[in-house]
Engineer: 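Here it is, the structure, as structure tokens.
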4 protein chains.
Amino acid sequence: MTTPADSAPVSLSTVTGRPLTKRGEATRRRLLEAAEDVFAELGYHDASIVKITERAHVALGTFYLYFDSKQAIFEALVIDLNSRVRHSMSEAMAGARDRIEAERLGFEGFFEFTAAHPALYRVVREAEFVSPATLRLHYERIVDGYRAGLAAAQQQGEIADDLDVEIAAWALMGAGELIGMRYLLWERDAAGRPPQHIDPAVLDGMSAFIARALRPAGKED
Amino acid sequence: MTTPADSAPVSLSTVTGRPLTKRGEATRRRLLEAAEDVFAELGYHDASIVKITERAHVALGTFYLYFDSKQAIFEALVIDLNSRVRHSMSEAMAGARDRIEAERLGFEGFFEFTAAHPALYRVVREAEFVSPATLRLHYERIVDGYRAGLAAAQQQGEIADDLDVEIAAWALMGAGELIGMRYLLWERDAAGRPPQHIDPAVLDGMSAFIARALRPAGKED
Amino acid sequence: MTTPADSAPVSLSTVTGRPLTKRGEATRRRLLEAAEDVFAELGYHDASIVKITERAHVALGTFYLYFDSKQAIFEALVIDLNSRVRHSMSEAMAGARDRIEAERLGFEGFFEFTAAHPALYRVVREAEFVSPATLRLHYERIVDGYRAGLAAAQQQGEIADDLDVEIAAWALMGAGELIGMRYLLWERDAAGRPPQHIDPAVLDGMSAFIARALRPAGKED
Amino acid sequence: MTTPADSAPVSLSTVTGRPLTKRGEATRRRLLEAAEDVFAELGYHDASIVKITERAHVALGTFYLYFDSKQAIFEALVIDLNSRVRHSMSEAMAGARDRIEAERLGFEGFFEFTAAHPALYRVVREAEFVSPATLRLHYERIVDGYRAGLAAAQQQGEIADDLDVEIAAWALMGAGELIGMRYLLWERDAAGRPPQHIDPAVLDGMSAFIARALRPAGKED
DNA sequence: GATGAATGAGTGTTCATTCAT
DNA sequence: GATGAATGAACACTCATTCAT
């Protein structure tokens with residue numbers, strides 16, 4: 001389940017158009033991390049550039065050396081998170097023996113990432129009116145990977161051959177999104193903190209649901 | 001799959017605190033409909049009270065006779081749409097012979113409503129930072145209905161008895177949400193208009209997926 | 001220390017221009033009392049017609065049957081309070097044997113009224129920008145009475161003959177105003193309620209101060 | 001009659017929280033001066049931030065770099081005027097030979113300041129509902145100085161030893177306030193302009209009144 | 001590279017007043 | 001006499017963006 005690298009991993013200064021120096025690269029990273037925190041906490045609209053620059057320990061004007069606009073950093077952030085979540089999922093699926101197991105591990109990776117980066121959820125669910133193109137990009141890149149994996153597994157006979165992999169991919173992604181929202185983001189432990197890992201019982205339940213949905217007819221555990 | 005009626009279907013004037021006159025009730029409805037359109041088109045933040053009142057053909061100040069704030073009409077709208085989508089789903093499921101069929105019909109009703117009221121999607125996905133409580137209410141009310149239906153069906157042996165109905169309910173709701181987003185809201189016909197009905201092939205694909213996920217072991221079509 | 005009665009004690013409906021019926025008169029009174037409370041509590045600007053009508057148990061529109069505007073009721077209230085405070089002062093001074101005693105009793109009456117009607121203070125001190133003419137009227141009417149009393153006493157040799165009674169009148173009025181503010185309106189008892197009567201020690205202190213300022217040379221207690 | 005300097009004469013930017021640059025300090029001062037004019041002319045409520053910033057030749061948003069709110073600049077202004085009027089009074093009293101003379105000079109300084117800064121009056125008399133705490137601060141700071149001066153004079157035997165200096169201080173302050181209102185703010189010369197100095201006859205009359213009230217028994221001019 | 005003062009368009013909300021019933 | 005729905009001007013405040021230093 002490989003994903004082609006993005007065109008240019010080299011960040012350019014918006015003002016000079018040239019590749020960033022090492023120092024510049026660090027500032028840009030700090031801004032992006034600050035944005036992740038601030039967007040996750042306040043949402044796109046209540047987040048402000050001042051808050052982002054404050055959290056990044058950078059002056060207000062510096063922001064515009066690295067990003068053209070508030071929307072630009074939002075898009076950069078979504079793309080960044082998207083790469084990273086897909087990377088997490090691939091890593092998690094690495095040692096899987098079959099697609100059914102891969103699914104479980106992939107979702108585990110997804111939930112792991114979600115717990116560590118709630119911005120992914122919060123930000124994406126707001127993206128519809130901020131940057132619809134980026135929103136689609138995000139979902140489509142994940143679904144693409146999914147579909148590819150499912151199609152390959154279908155070739156291998158690991159999953160039902162009458163399954164529409166495209167539809168299944170969207171359905172699974174939606175299922176993962178709401179399960180994550182419900183059992184990670186909404187959940188609070190005794191101390192009122194969100195859990196860092198998905199409840200194993202939930203992961204089991206979800207995996208069973210998925211396994212049943214994908215498995216070829218006549219094959220049971 | 002019954003849902004208990006909300007406590008008080010009587011709208012109160014925010015200013016007098018008394019039940020609305022017929023004229024008042026009509027104005028309130030106009031505002032709510034205008035808000036649905038404006039929120040769906042522009043999103044919560046770019047929507048403005050002026051835009052809503054203009055679309056409702058009402059003066060600006062009139063707004064505040066019926067709603068306490070922008071957030072208040074947002075919440076009222078979510079609750080209103082929630083009631084109506086659940087009603088649509090119930091209606092659609094009415095004649096189903098078994099749960100599997102009910103699921104298909106229910107989703108059909110859901111998609112029908114989504115196509116007619118895109119605000120449901122757009123507005124809900126923004127609700128996280130506008131009114132988290134309302135967001136949860138929305139999902140939980142739907143999931144509650146779902147879970148009840150699934151549990152009953154499980155009793156009847158119509159669906160797998162080892163299924164965790166709670167988790168399944170969230171998974172199905174998420175699947176429906178993304179499928180609707182992808183195949184209704186993002187889809188455009190030749191004229192560039194979004195379709196009014198879900199593509200039957202997609203509904204088939206999704207139903208097959210669900211059927212497989214729910215059906216008791218050993219039972220095939 | 002007589003004050004000529006105001007021209008017309010007959011209230012007219014602002015809408016018909018005719019004298020009010022008994023019922024109308026009562027409503028007008030209720031509005032005026034409500035206004036006294038609301039203005040005293042919130043000040044002119046934060047007071048609203050709605051709040052006044054609510055407190056008067058009258059519908060919003062009714063207000064405009066009795067007063068032309070918010071400013072109009074404000075002015076009516078100041079004039080009303082002014083008549084009443086002057087009446088209180090005259091009553092209090094009735095049995096005085098000389099002017100020095102009259103002063104003490106007059107101030108006592110003034111403080112009594114102030115404690116019962118804090119609106120007098122609060123409203124007057126805001127009147128500068130609301131209705132300067134009414135503000136002057138208020139002070140001048142009181143000062144007129146004062147001056148007349150002082151002048152008469154001067155004739156009698158009860159107070160120093162080299163005293164400028166006009167200036168003394170303004171000075172005494174100012175003294176009374178701030179003493180009232182400091183020791184009545186700002187004071188709070190153990191339960192946090194403002195006192196209903198001036199602290200006798202303060203009245204003594206103030207009377208001594210005034211006595212010294214007014215008394216003819218060579219005359220001591 | 002010394003007054004301890006306020007803790008920190010360093011203005012802080014409300015936005016960075018750091019001490020202001022020279023340029024910033026100038027802008028802040030311009031805003032404060034504009035506010036003095038606008039509040040004096042229109043009163044607190046009819047003054048608007050736009051009007052203040054226009055008069056200060058500064059953009060609207062700039063206001064909020066220096067003050068948190070309309071109320072905040074109002075309070076800053078009262079405090080500022082308070083310091084300055086007390087300074088004027090101290091200066092004026094500097095060369096006085098005794099307390100009686102000091103009183104006359106102090107009031108002269110007070111009236112001088114009042115004529116040049118009518119905002120002091122107008123703004124303070126509105127402060128009750130805008131910022132009661134600041135209102136008290138203003139009066140108490142002046143009264144504190146007064147009381148200290150009177151108490152010292154009492155020690156010296158310059159004023160009557162049976163005088164309650166606290167009460168006398170409030171009485172004198174009130175007298176000064178109303179005399180200033182009546183003979184400075186309400187007075188108009190032939191050209192309709194308010195006088196720049198108090199009528200000497202009034203100052204004489206007032207001083208005589210005060211002298212009599214303060215002087216020890218048996219001491220005449 | 002970095003700074004932070006300055007800008008001004010935009011928006012939610014209030015409230016005195018009117019008028020049809 | 002009384003009601004209360006409707007009106008719309010006015011205003012405090014926010015914040016993305018620019019630019020001189």
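Computed from a predicted structure; not experimentally measured.
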Engineer: Base, sugar-phosphate alone, or nothing: which one does A:F67 contact when heavy atoms must sit under 4.0 Å apart?
Structural biologist: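 If one applies the 4.0 Å heavy-atom cut-off, A:F67 turns out to touch nothing in the nucleic acid.
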Engineer: Which one, F:dG8, F:dT17, E:dA9, comes nearest to the side chain of B:A59?
Structural biologist: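 Nearest listed nucleotide: F:dG8.
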Engineer: CG/D:L135 to CZ/C:R125 distance, rounded to the nearest 0.5 angstrom?
Structural biologist: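 Taking CG in D:L135 and CZ in C:R125, the distance rounds to 6.0 Å.
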Engineer: Are OP1 or OP2 of E:dA5 and a side-chain N or O of D:R28 less than 4.0 angstrom apart?
Structural biologist: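 D:R28 to E:dA5 OP1/OP2: no side-chain N or O under 4.0 Å.
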Engineer: Of C:K22 and A:H45, whose closest DNA chain F nucleotide lies nearer the 5' terminus?
Structural biologist: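 The residue closer to the strand's 5' end, by nearest nucleotide, is C:K22.
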Engineer: Could you tell me the separation between the CZ atom of A:R28 and the OG1 atom of A:T21, rounded to the nearest 0.5 Å?
Structural biologist: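 That separation rounds to 12.5 Å.
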Engineer: Identify whether the distance between the nearest side-chain nitrogen and carboxylate oxygen of A:E41 and A:R55 falls below 4.0 Å.
Structural biologist: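 Counted as a salt bridge, because a side-chain N and a carboxylate O are separated by less than 4.0 Å.
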Engineer: Round to the nearest Å and state the distance from C:I73 atom CD1 to E:dT17 atom C1'.
Structural biologist: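 One finds 14 Å between C1' of E:dT17 and CD1 of C:I73, rounded.
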Engineer: Using only side-chain N and O atoms of C:Y66, determine if any of them is under 4.0 Å from OP1 or OP2 of F:dA2.
Structural biologist: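 Answer is yes, contact under 4.0 Å.
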Engineer: Return the value, rounded to whole Å, for the distance between atom CD1 of D:I49 and atom P of E:dA9.
Structural biologist: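 Those two atoms, CD1 and P, are 17 Å apart.
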Engineer: Under 4.0 Å, heavy atoms only, any strand: does D:L60 hit a base, just the sugar-phosphate, or nothing?
Structural biologist: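 Since a base atom lies under 4.0 Å of D:L60, the category is base.
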Engineer: I want to confirm an ordering. Mapping B:G61 and B:K51 to their closest nucleotides on DNA chain E, which one lands closer to the 5' end?
Structural biologist: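 Nearer the 5' end of the strand: B:K51.
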Engineer: Closer to the 5' end of DNA chain E via nearest nucleotide, is it D:F63 or A:T27?
Structural biologist: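 The residue closer to the strand's 5' end, by nearest nucleotide, is A:T27.
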Engineer: In whole Å, what is the span from the NZ atom of B:K70 to the P atom of E:dG12?
Structural biologist: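 So the two atoms are 4 Å apart, to the nearest Å.
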Engineer: Taking atom P in both E:dG1 and F:dT21, what distance in whole Å separates the two?
Structural biologist: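 Straight-line distance between the two P atoms is 23 Å.
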Engineer: Expressed in angstrom and rounded to an integer, what is the separation of D:R30 atom CZ from E:dA5 atom C1'?
Structural biologist: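 Spelled out: CZ on D:R30 to C1' on E:dA5 is 12 Å.
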Engineer: Tell me what B:V50 touches on the nucleic acid: a base, only sugar-phosphate, or nothing, going by heavy atoms under 4.0 Å.
Structural biologist: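 Result for B:V50 = nothing.
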Engineer: In the structure I gave you, are the side-chain heavy atoms of A:F129 and B:E126 within less than 4.5 Å of one another anywhere?
Structural biologist: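 Side-chain contact under 4.5 Å: yes.
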Engineer: D:D68 has an atom CG; how far is it from atom P of F:dC15, in whole Å?
Structural biologist: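 Distance, rounded to whole Å: 14 Å.
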Engineer: With heavy atoms under 4.0 Å as the rule, sort C:T62 into base, sugar-phosphate or nothing.
Structural biologist: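 Answer is base: heavy atoms of C:T62 come under 4.0 Å of a base.
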Engineer: As an exercise, state the distance from CG of D:L32 to CZ of D:F39, rounded to the nearest 0.5 Å.
Structural biologist: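 The distance works out to 9.5 Å.
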Engineer: Students often get this wrong, so: under 4.0 angstrom with heavy atoms, is B:A47 touching a base, only sugar-phosphate, or nothing?
Structural biologist: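 If one applies the 4.0 Å heavy-atom cut-off, B:A47 turns out to touch the sugar-phosphate alone, with no base involved.
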Engineer: Let me know the distance between CD of A:E54 and C1' of E:dT3, rounded to the nearest Å.
Structural biologist: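 These atoms are roughly 14 Å apart.
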Engineer: Are A:E54 and A:V38 close enough that some pair of their side-chain heavy atoms sits under 4.5 Å apart?
Structural biologist: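 No, too far: nothing below the 4.5 Å cut-off.
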Engineer: Taking atom P of E:dT7 as reference, at what distance in whole Å does atom OH of A:Y64 sit?
Structural biologist: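 Computing the A:Y64:OH to E:dT7:P distance gives 17 Å.
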Engineer: Looking at five pairs on each end of the helix from E:dA2-F:dT21 to E:dT21-F:dA2, what is the angle between the two axes, given to 10 degrees?
Structural biologist: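 Terminal axis comparison yields 0°.
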Engineer: Take D:S69 and C:R23, find for each the nucleotide of DNA chain F with the closest heavy atom, and name the residue whose nucleotide sits nearer the 5' end.
Structural biologist: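 Looking at the nearest nucleotide for each, C:R23 comes out on the 5' side.
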Engineer: As an exercise, state the distance from CG of B:L137 to CG of B:N82, rounded to the nearest 0.5 Å.
Structural biologist: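 CG of B:N82 is found 6.5 Å from CG of B:L137.
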Engineer: Could you state the atom-to-atom distance from NE2 of A:H57 to P of E:dT3 in whole Å?
Structural biologist: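 Going from NE2 in A:H57 over to P in E:dT3 covers 12 Å.
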Engineer: Report which part of the nucleic acid C:A26 touches: base, sugar-phosphate, or nothing (heavy-atom distance under 4.0 Å, all strands).
Structural biologist: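 No contact.
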Engineer: Can the positive tip of A:K70 be found less than 6.0 Å from the middle of the six-membered ring of A:Y44, inside 45° of the ring normal?
Structural biologist: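 Checked: cation-pi criterion met.
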